Amino acid sequence: MDFPRKDLFDRLERFYDAVPRDAARPEEHGALVLFAREGAGWPFYARPRLDATAPPSLADVTAVRERQRELGLPEALEWVHETTPDLLAVARSAGLSVLEAPLMVLDPAALPDPATLTDVPLRVLDPAEPDFAADVAARRAVAAVGFSTAGTERGEAGPAQRDAAVAELDEAALDEERARVADGRRLSALAGTPTEGALASGMAMRVGDVAEIAGVATLPAARRRGLGAAVTAALARELLAAGTDLVFLAAGSEDIARVYLRVGFRRVGTACIAEPAPVTP
Ligand SMILES: CC(C)(COP(=O)(O)OP(=O)(O)OC[C@H]1O[C@@H](n2cnc3c(N)ncnc32)[C@H](O)[C@@H]1OP(=O)(O)O)[C@@H](O)C(=O)NCCC(=O)NCCS
């Protein structure tokens with residue numbers, strides 16, 4: 001993981017700028033670019049424009065937020081602190097609340113064999129398999145239940161809540177997922193047993209030789225058994241085998257970062273994720 005820092009952060013910038021472009025329309029607002037998703041799916045974010053010559057201003061942030069509201073999109077703004085350090089103060093002065101997430105890069109030499117982390121079977125989803133649609137639905141349901149109980153503690157919600165959260169996917173969304181997996185832009189993994197079904201899930205987005213692991217989630221009732229680490233390791237291993245040499249992620253908190261540290265990710269910086277501050281009564 002011996003990337004020169006400038007090279008590393010440039011590659012991350014290009015990645016963040018490229019990922020939304022096959023599903024969203026970029027709109028420039030000063031030194032920011034807003035990715036407005038077309039159709040259903042994750043709504044994306046606004047972020048610093050790749051070729052901007054000045055840091056984003058308060059006026060740029062205000063303009064983007066107005067546009068996001070107009071389009072019915074969340075007022076989400078994301079950037080890498082080391083690349084755009086001035087934006088933190090600007091975003092806060094705009095009233096946004098900023099999550100400073102540990103930005104971590106995989107040291108391939110430190111990646112354990114996923115099978116050493118758990119006895120629960122791990123699977124990378126394959127569009128050629130007859131169960132692909134059910135697997136995608138299970139991955140989404142596990143993520144929905146997992147993310148609804150934040151943090152790393154165990155909780156009550158388990159397979160019953162997952163089953164209740166399964167939503168049928170429309171054909172267009174499934175075709176999009178199939179195409180992305182088939183050409184290597186998307187990777188998904190599940191951990192689960194035949195009796196309990198899917199217990200943990202995660203995915204990765206890939207552009208060329210750079211990939212981000214995201215959406216790792218374990219059902220609260222199945223936490224603290226090594227599944228989050230194992231799913232992450234399975235995704236990382238598959239990405240490396242496919243020729244990706246820069247695998248990274250943004251951990252939601254310092255506690256969550258420990259899970260990734262154990263599978264070979266090392267902190268290189270801070271990913272800032274801003275949204276409107278909750279209104280206090
Ligand atoms: C983050 C998350 C995916 C971790 O999942 P998990 O399956 O519990 O992860 P692991 O079991 O690998 O590790 C969690 C803890 O269990 C411990 N653990 C792992 N195997 C264990 C075992 N066999 N016995 C006891 N403890 C164990 C780990 O050491 C770790 O402890 P720590 O918190 O003291 O560092 C899960 O908590 C979650 O879904 N959170 C909500 C969604 C979220 O925020 N996702 C991350 C987005 S970046």
Side-chain angles (χ1 to χ4, degrees), residues 42-43 45 74-81 88 91-92 96-106 110-112 114 117-120 122 138-167 188-193 196-205 212-236 247-281:
W42 190 255
Y45 40 71
E75 295 171 55
L77 180 60
E78 300 192 8
W79 68 97
V80 172
H81 179 66
L88 184 58
R92 286 197 170 129
L96 293 171
S97 140
V98 184
L99 169 69
E100 294 175 75
L103 179 63
M104 305 176 83
V105 167
L106 177 68
L111 175 66
L117 301 167
T118 177
D119 294 335
V120 173
L122 295 160
R139 188 205 78 213
R140 291 187 178 198
V142 168
V145 175
F147 277 92
S148 66
T149 304
T152 62
E153 291 311 312
R154 287 176 61 89
E156 292 291 311
Q161 286 73 12
R162 172 205 61 211
D163 291 346
V166 170
S188 295
L190 284 177
T193 64
E196 296 167 292
L199 300 172
S201 67
M203 53 165 290
M205 290 152 296
E212 178 181 18
I213 292 179
V216 176
T218 302
L219 295 178
R223 288 185 187 165
R224 310 191 82 79
R225 288 164 54 182
L227 298 182
V231 162
T232 308
L235 288 167
V247 181
F248 78 100
L249 53 81
S253 68
E254 300 290 341
D255 283 345
I256 294 170
R258 280 202 305 276
V259 174
Y260 301 129
L261 193 64
R262 273 193 298 276
V263 292
F265 284 82
R266 304 292 174 251
R267 185 163 187 174
V268 296
T270 301
C272 294
I273 302 165
E275 56 179 27
V279 182
T280 41

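Positions are given from 1 along the sequence. None of the values given here were measured: they were computed from a predicted structure.
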**Q** Rounded to the nearest 0.5 Å, what separates atom CZ in Arg223 from atom CZ in Arg154?
**A**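 CZ of Arg154 is found 9.5 Å from CZ of Arg223.
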**Q** What's the spacing between Asp255 CG and Glu153 CD if we round to 0.5 Å?
**A**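 The CG atom of Asp255 sits 7.5 Å away from the CD atom of Glu153.
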**Q** Using the side-chain contact (heavy atoms from CB on, under 4.5 Å) rule, take Leu122 and Leu117 through it: C-alpha gap first, then chi angles, then the decisive distance, then the call.
**A** CA-CA 11 Å; Leu122 295 160; Leu117 301 167; over 6 Å; no
**Q** Kindly indicate, with the supporting measurements, whether the criterion side-chain contact (heavy atoms from CB on, under 4.5 Å) is fulfilled by Val247 and Phe265.
**A** CA-CA 9 Å; Val247 181; Phe265 284 82; 4.0 Å; yes
**Q** Search all heavy atoms of Ser201 against all heavy atoms of Ala143 and return the closest pair with its distance.
**A**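 For Ser201 versus Ala143, the nearest heavy atoms are OG-N, 3.9 Å.
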**Q** Run the side-chain hydrogen bond (donor to acceptor under 3.5 Å, both in side chains) test against Thr218 and tell me which residues pass, sequence neighbours left out.
**A**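 Residues passing side-chain hydrogen bond (donor to acceptor under 3.5 Å, both in side chains) with Thr218: none at all.
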**Q** Once rounded to the nearest 0.5 Å, what's the spacing between atom OG1 of Thr118 and atom CG of Leu227?
**A**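 Going from the OG1 atom of Thr118 to the CG atom of Leu227 covers 4.5 Å.
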**Q** Any side-chain heavy atom of Glu100 sitting closer than 4.5 Å to one from His81?
**A**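 SC-SC contact between Glu100 and His81 ruled out.
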**Q** Between Ala217 and Gly146, what is the shortest heavy-atom contact and its length?
**A**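 Smallest heavy-atom distance, with atoms named: CB-CA, 4.1 Å.
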**Q** Is there a side-chain contact (heavy atoms from CB on, under 4.5 Å) between Leu199 and Arg225? Walk through the geometry before answering.
**A** CA-CA 11 Å; Leu199 300 172; Arg225 288 164 54 182; 3.9 Å; yes
**Q** Which atom pair, heavy atoms only, marks the closest approach of Gly252 to Leu99?
**A**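 Heavy-atom minimum between the residues: O-CD1, 3.6 Å.
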**Q** Check whether any side-chain N or O of Arg162 sits under 3.5 Å from a backbone N or O of Val142 as a donor-acceptor pair, and report yes or no.
**A**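 Not a single qualifying donor-acceptor pair exists.
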**Q** Between the main-chain N or O of Leu261 and the side-chain N or O of Arg266, is there a donor-acceptor pair closer than 3.5 Å?
**A**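 Yes, Arg266 side chain to Leu261 backbone: donor-acceptor pair under 3.5 Å.
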**Q** Start with the C-alpha gap between Leu190 and Ser188, add the side-chain angles, then the distance that decides, and say whether side-chain contact (heavy atoms from CB on, under 4.5 Å) holds.
**A** CA-CA 7 Å; Leu190 284 177; Ser188 295; over 6 Å; no
**Q** Measuring from Leu249:CG to Thr232:OG1, what's the distance to the nearest 0.5 Å?
**A**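 Here the rounded value is 7.0 Å.
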**Q** Quick check: closest heavy atoms across Gly202 and Val231, and the distance to 0.1 Å?
**A**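 It is N-CG1, 3.6 Å.
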**Q** Write down the atom of Ala271, the atom of Ala250, and the distance for their closest heavy-atom approach.
**A**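 Residues Ala271 and Ala250, closest heavy atoms: CB-CB, 3.9 Å.
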**Q** Specify the closest pair of heavy atoms between Ala198 and Ala138, including all atoms of both residues, with the distance to one decimal.
**A**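 Closest approach of Ala198 to Ala138: CB-CB, 4.2 Å.
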**Q** Side chains of Leu219 and Gln161: does their closest heavy-atom pair fall under 4.5 Å?
**A**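 The answer is no; the side chains never approach within 4.5 Å.
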**Q** To the nearest 0.5 Å, what is the distance between CG (Leu96) and CD1 (Ile273)?
**A**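 Separation between the atoms: 13.0 Å.
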**Q** How far does OG1 of Thr152 sit from CD of Glu254, to the nearest 0.5 angstrom?
**A**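 Taking OG1 in Thr152 and CD in Glu254, the distance rounds to 12.0 Å.
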